[in-house]
Amino acid sequence: MVRYLVTSALPYANGPIHFGHVVGAYLPADVYVRTLRMHGEEVLYVCGADEHGVAITIGAERENRPYAEYVAHWRGVIKSTFDRLGIRFDVWSGTSISPNHAELSQDFFRRLDIGGYLLQREEEQLYCTTDARFLADRYIAGTCPNCGYPEARGDECPRCAKWLNPLDFADPRCKVCGSTPEKRKTRHWYLDLPKLRDEKLGEWAAAHEWKPNVATFVANQLKEVEPRPITRDMHWGVPVPEDRARGESGKVLYVWFDAPIGYVSFTRDWAEAHGAPDDWQKWWRSPDTRLVHFIGKDNIPFHCVVFPSMLWGVKQDYVLPWQVPANEFYNLEGRKFSTSQGWYVDLDEFFARYDADTARFYLLSSSPETKDSDFNWKDFQSANNVLLADTIGNLASRVLKFLEKYYEGKIPAVSAEHAAEFDRILLTECGAFADPGAALLDFRFRRGTEDLASNARVANVFVDRVAPWSLRKTDPERAGAALATCCEWLALLAQWMAPILPGKAQRLWTMLGNLGEVGEQRWPQLPVAGAWRRNLSGQRIGQVDVLFPKIEDAVIAAEIDALHKRAAATS
RNA sequence: GGCGGUGUAGCUCAGCUGGUUAGAGCGUCGGAAUCAUAAUCCGUAGGUCGGGGGUUCGAAUCCCUCCACCGCUACCA
């Protein structure tokens, strides 16, 4: 039987995450996982922080904190954002704390080496004697040999956009301490991607059915792959295994190499925590597993080429990715999110004022599935007020308040005759409805949010058409049956809402007088006349309250104003 | 430079392998209704589907080219 192993890109423990990260790799994954579970599928959702790499050591040193403490801090901050958004992983760990991670990463290295997929090369790099470390390209400044710009970065000149080699700088400078680095020779291991491609990956990737935006990209990547360095001279990270070090010391695995292995090591952590240490194998080494990586587009090469190469190259029967839903980028009001430039949404303030479910809904409804898109405050307000409050929330209010007022808060009976009549009207004469789950399982999250609104609209049309407020005076039984039909529909709506709006779905569920968790319901089939009602008649409804409060214009205006003021203040 | 993406009604976007009068939501305007969070429902608005060329009986949908915007180019989605 098929099972789904879902991962979200490991967030780098070097700062807070913003809505761009959330909408790119985490929220859609969470919604996907919830949807799968309601469909009765077996799912494991894995994530954790990526905690190695130079950027982290520099960040920590700037703050004068031990590396471990520094990454623990950001690991916690990031996790709390996920918690507030209702993004629930089955495992959340970190590459520096996972008890399995170092050993497993070394195991990958060892097996790749033994298999002949690693190369060793000697090269010159710039070494900062003050900081006692080799410098990554981006931490070197100098005068651009191409255009003479004095503040060029080691990887690229910001003025002439020329791709640079920092060894070509006449006046290299360490961007961290300002001193002049010296050239030193060092030996490093490289992953032989061309060989891996020729033996397996090329064929696999060509045969694989990628999403359209990923397919061409992968094909091009494979054409041009080159061996890629997988070690670095530093002390923060997973050490190169001694038995393969060949006399080299002071080297760790490059962060990109160990990071994706985190998916596997965290799964092992999870298995051990559940008292079944071998369980991870079922997820990673069974052909029945569908491995789904949620990532942003910048991660496509890793997840479609590099990591699969590693997984295959160790010859341990690891599964290769089944789908890699990659999103484009998400901006804020037309500009890139940038903490340093004050162009961001403070998530603590955000969640103090707004509902997490509303955020989930809006983020998905505006998510960058086919092209870059924006978080836009006015659109956020509109999504809440128009789609959630007016269309969905008000539907619940108008129906349930009516029942409270005239039917003693009980869902009325429906005769077979009335059921047939109202099924016909609701299902064939009130507009189109769709199964949002189908869209969600197809990674079309935007579409899923649209379906939700459309489905609520169908019931609004139904209410208007049947007009129970006047019918009640002439035929209260029929009016009651119409309202009961609406309750049945609301119960469906609550289930449809559950993956995207888990909290609100649950409230609607209990408002209808249902017990238990809506998220634990079996995903409903698309309603068919005569076979879709749960038969809620006689059930006492719960307390009816406003499902989605509106957001006032002034509140949004203040947000936009604050954003611009903050940006102006930092520039 | 290389590679990729996008350009459809005021706004945000759907339109798979080409086929009757190009669609939805929001907004606008008019009307109906009054159960409801002044919510809902109905109708309306006429966009040369970025420009040009080509293939075809027929293209928003395929090909070429040009323009514009965006991204990636491999350690922060």
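Convention: sequence-line order gives letters A, B, ...; per-chain numbering from 1. Note: hydrogens, waters and symmetry copies are ignored here, and every other heavy atom, side chains too, is used. These figures come from a predicted structure and were not determined experimentally.
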| query | Looking at the rings of A:His303 and A:Tyr263, which for Trp means the six-membered one, are their centres under 6.0 Å apart? | reply | yes
| query | Can you find a side chain N or O atom of A:Arg446 that sits less than 4.0 Å from OP1 or OP2 on B:rA14? | reply | no
| note | Per atom distances to the A:Lys550 side chain, the nearest of B:rA39, B:rA77, B:rU6 is B:rA39
| message | Say we look at B:rG54 and B:rA60: how far apart would their P atoms be, to the nearest angstrom? | response | 15 Å
| message | What's the gap between B:rG2 and B:rU65 when it is taken at their P atoms, as a whole Å value? | response | 13 Å
| query | Whole-Å distance between B:rC76 P and A:Asn14 CG? | reply | 11 Å
| note | Atom CG of A:Asp374 and atom C1' of B:rC13 are separated, to the nearest Å, by 13 Å
| Among B:rU37, B:rA77, B:rU40, which is the nearest nucleotide to the side chain of A:Leu547? | B:rU37
| For atom P, what is the distance between B:rA33 and B:rG15, given to the nearest Å? | 39 Å
| query | How is A:Leu483 classified with respect to the nucleic acid when contacts are heavy atoms under 4.0 Å: base, sugar-phosphate, or nothing? | reply | nothing
| request: Report the nucleotide, chosen from B:rA74, B:rA77, B:rG25, that has the shortest atom-to-atom distance to any side-chain atom of A:Pro301. | output: B:rA74
| request: Between B:rC41, B:rU6, B:rA14, spot the one nearest the side chain of A:Lys371, thanks. | output: B:rU6
| Taking the same atom, C1', in B:rG51 and in B:rA68, what whole-Å distance lies between them? | 11 Å
| request: Starting from C1' on B:rC35, measure out to CH2 on A:Trp469 and report it in whole angstrom. | output: 6 Å
| Of all the choices, B:rC26, B:rC41, B:rC35, which nucleotide is nearest to the side chain of A:Arg398 once you look at every atom? | B:rC35
| query | Quick one: A:Leu388 CG to B:rG25 P, roughly how many Å, whole number? | reply | 17 Å
| message | Measuring centre to centre across the rings, with the benzene-like ring taken for any Trp, is A:Phe462 within less than 6.0 Å of A:Phe422? | response | yes
| Please give, in whole Å, the distance from B:rC76 P to A:Phe329 CZ? | 9 Å
| request: Pick the P atom in B:rC64 and in B:rU48, then give their distance to the nearest Å. | output: 26 Å
| query | How long is the line joining CD of A:Glu328 and P of B:rC70, in whole Å? | reply | 15 Å
| said: Using atom P in both nucleotides, what's the gap between B:rG52 and B:rA59 to the nearest angstrom? | reply: 14 Å
| query | In whole Å, what is the span from the CZ atom of A:Arg457 to the P atom of B:rC42? | reply | 10 Å
| field | B:rA39 base / A:Asp390 side chain donor-acceptor hit below 3.5 Å | value | no
| What is the distance, rounded to the nearest whole Å, between atom CG of A:Asp442 and atom C1' of B:rA14? | 14 Å
| So, is A:Arg444 near the phosphate of B:rC16, with a side-chain N or O under 4.0 Å from OP1 or OP2? | no
| Can A:Phe402 be said to stack with the base of B:rC35, given centres closer than 5.5 angstrom and planes under 30 degrees apart? | no
| request: Quote, to the nearest angstrom, the C1' distance that separates B:rU40 from B:rU34. | output: 9 Å
| query | Do side-chain atoms of A:Trp256 reach the backbone of A:Pro229 as a donor and acceptor pair under 3.5 angstrom? | reply | yes
